[in-house]
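We name chains A, B, ... by the order of the sequence lines, and we start the count at 1 in each one. Only this structure's heavy atoms are used, side chains among them; waters, hydrogens and symmetry mates stay out.
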Number of protein chains: 2
Amino acid sequence: MSTQRSPQAAPERKLRADAVRNRAGILEVAQRHFLAHGIGTSLEAIAKEAGVGAGTLYRHFPTREALLAALLQRRTEEVVASRDRIGQVGDPGEALREWMRAMEDYLSSYTGLPGPLAAAAQERDPDNPLTLPCEQLITATQEYLHAAQQAGVAHAWVRPRDLFLTAVSIAWVRGAGAADDDSIAALRRLDESGYRPA
Amino acid sequence: MSTQRSPQAAPERKLRADAVRNRAGILEVAQRHFLAHGIGTSLEAIAKEAGVGAGTLYRHFPTREALLAALLQRRTEEVVASRDRIGQVGDPGEALREWMRAMEDYLSSYTGLPGPLAAAAQERDPDNPLTLPCEQLITATQEYLHAAQQAGVAHAWVRPRDLFLTAVSIAWVRGAGAADDDSIAALRRLDESGYRPA
DNA sequence: CGACGATACGGAGGTAGCCTCCATATTGTC
DNA sequence: GACAATATGGAGGCTACCTCCGTATCGTCG
């Protein structure tokens with residue numbers, strides 16, 4: 001308990017020094033490449049720029065999703081933590097709206113991110129490294145939605161998962177073809193007016 | 001005027017007999033492959049199964065989008081023609097709802113179709129062969145939307161393009177990760193309740 | 001009918017990216 | 001300092017894209 005260790009199912013033994021170094025380097029380069037070229041960017045290029053072989057990259061992150069999940073971890077914690085800030089907002093309707101925007105921005109972190117996340121949200125495969133962030137977001141959504149429903153500013157038939165998918169699909173439109181701002185604003189308004197009773 | 005010719009800008013000279021045969025064969029095989037494996041399927045595999053070389057395929061359809069557009073042409077005409085059927089529906093609100101479903105199904109014809117279409121809808125590049133079908137769909141949407149707005153069953157601030165993007169994004173969710181029917185139904189309900197005043 | 005120019009064909013070949021495998025190198029420990 | 005455990009890297013096998021050009025097929029005209 002003295003050393004910070006994952007409580008349940010921690011298969012992580014301590015890494016060798018070079019492994020730690022390489023892992024960090026890969027993440028740093030990957031972050032830049034995903035930002036610049038979307039999640040479809042070449043993994044080999046990342047390995048090369050990070051100064052490691054392809055094998056090393058794939059040992060640390062067996063799939064593109066694993067790399068993505070590692071990168072997303074910080075962001076996920078930040079966003080979920082923004083609950084505290086948003087929580088200060090008195091009006092539950094306003095809070096829900098802000099939360100939706102926060103999710104939308106998170107989901108737009110990298111071009112192409114909505115695809116794998118939507119898939120993960122639905123398959124619920126515990127082996128998919130993206131399942132965890134999805135569940136966290138949906139859980140957070142539940143809190144805001146519930147409060148909004150209590151206050152009568154959200155329809156009772158709306159489920160947290162539905163709002164999550166809504167945010168994902170807006171983020172997808174943002175990424176696919178670079179929709180103009182007007183269209184995105186219209187989509188947001190449509191969705192908001194969708195879950196909110198008149 | 002006796003022979004059926006494209007009225008404006010027809011760069012199509014008459015094809016040689018073998019070219020016509022090959023083109024048809026490619027389309028027939030491509031249809032099956034796109035249906036079975038989505039729009040990302042291997043073009044080389046299509047060429048092989050159609051019994052032509054890669055060069056022939058690329059000569060007829062220089063890009064994946066061109067092939068897609070050729071395949072979509074029939075479907076597009078069918079869907080736009082379904083205006084006639086839907087037009088019979090008296091209630092403009094009901095007609096708009098039906099039209100949205102028809103678009104959604106059209107956009108779900110092949111897995112992955114929403115991506116290129118969303119891109120085409122926004123870039124408005126006349127060289128993109130998918131631009132035409134997009135415009136046709138948006139134009140048709142405009143008719144239904146306008147009628148609905150006149151009847152007071154759609155908000156005045158909704159634009160045809162917004163509804164098109166809505167349909168595209170639902171189709172995308174359908175395709176990405178095979179969302180369960182409940183989620184899709186919820187998204188539809190959300191959207192409908194979004195454009196419709198209480 | 002035959003031959004000649006125009007049209008179309010096909011598949012080899014260069015490029016790029018994925019992922020695996022294992023001989024070699026590095027690390028940590030005793 | 002030496003040995004076992006751990007980690008490395010890049011060659012290599014694979015799939016797919018797309019282009020290029022020598023060759024085959026077509027249609028027409030004499």
* Using the ring pair (Phe, Tyr, Trp, His ring centres under 6.0 Å) rule, collect all pairs that involve residues 107-139 of chain A, keeping only residues at least two apart or in two chains. =>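 Applying ring pair (Phe, Tyr, Trp, His ring centres under 6.0 Å) to every pair that reaches into residues 107-139 of chain A, excluding sequence neighbours, yields A:Phe34-A:Tyr110.
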
Distance, rounded to the nearest Å, where [X] contributes [atom1] and [N] contributes [atom2]:
{"X": "B:Ile46", "N": "C:dG11", "atom1": "CD1", "atom2": "C1'", "value": "18 Å"}
{"X": "A:Leu67", "N": "C:dC19", "atom1": "CG", "atom2": "P", "value": "12 Å"}
{"X": "B:Lys48", "N": "D:dC17", "atom1": "NZ", "atom2": "C1'", "value": "15 Å"}
{"X": "B:Leu57", "N": "C:dA12", "atom1": "CG", "atom2": "P", "value": "17 Å"}

* To do: Answer yes or no: does atom CD of B:Gln73 have more than 12 heavy-atom neighbours from other residues, nucleotides or ligands under 6.0 Å?
  =>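 Counting other residues, nucleotides and ligands, CD of B:Gln73 stays at 12 neighbours or fewer.
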
* Say whether B:Leu190 and A:Val153 are linked into one hydrophobic cluster, either directly or through other cluster members, by side-chain heavy-atom distances under 4.5 angstrom. =>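 No; tracing contacts between hydrophobic side chains, which count when under 4.5 Å, never links both residues.
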
* Report yes or no: do B:Leu71 and B:Leu35 belong to one cluster of Ile/Leu/Val/Met/Phe/Trp/Tyr joined by side chain heavy-atom distances under 4.5 Å? =>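 Result: yes, single cluster for both.
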
* Scan nucleotides 3-15 of chain D nucleotide by nucleotide, 5' to 3', and note B when protein non-hydrogen atoms come under 4.0 Å of the base, S if they reach only the sugar-phosphate, - if neither. => --BBSBBB-----

* May I ask you to test the A:Ser183-B:Arg159 pair for a side-chain heavy-atom distance under 4.5 Å? =>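 They are in contact (side-chain heavy atoms under 4.5 Å apart), so the answer is yes.
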
* Asked: So, is B:Arg64 near the phosphate of D:dC17, with a side-chain N or O under 4.0 Å from OP1 or OP2?
  ->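 B:Arg64 to D:dC17 OP1/OP2: side-chain N or O found under 4.0 Å.
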
* Asked: With B:Phe164, which residues qualify under ring-ring contact (aromatic ring centres under 6.0 Å, His included), at least two apart?
  ->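 Counting only residues at least two positions away or on another chain, B:Phe164 forms no ring-ring contact (aromatic ring centres under 6.0 Å, His included).
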
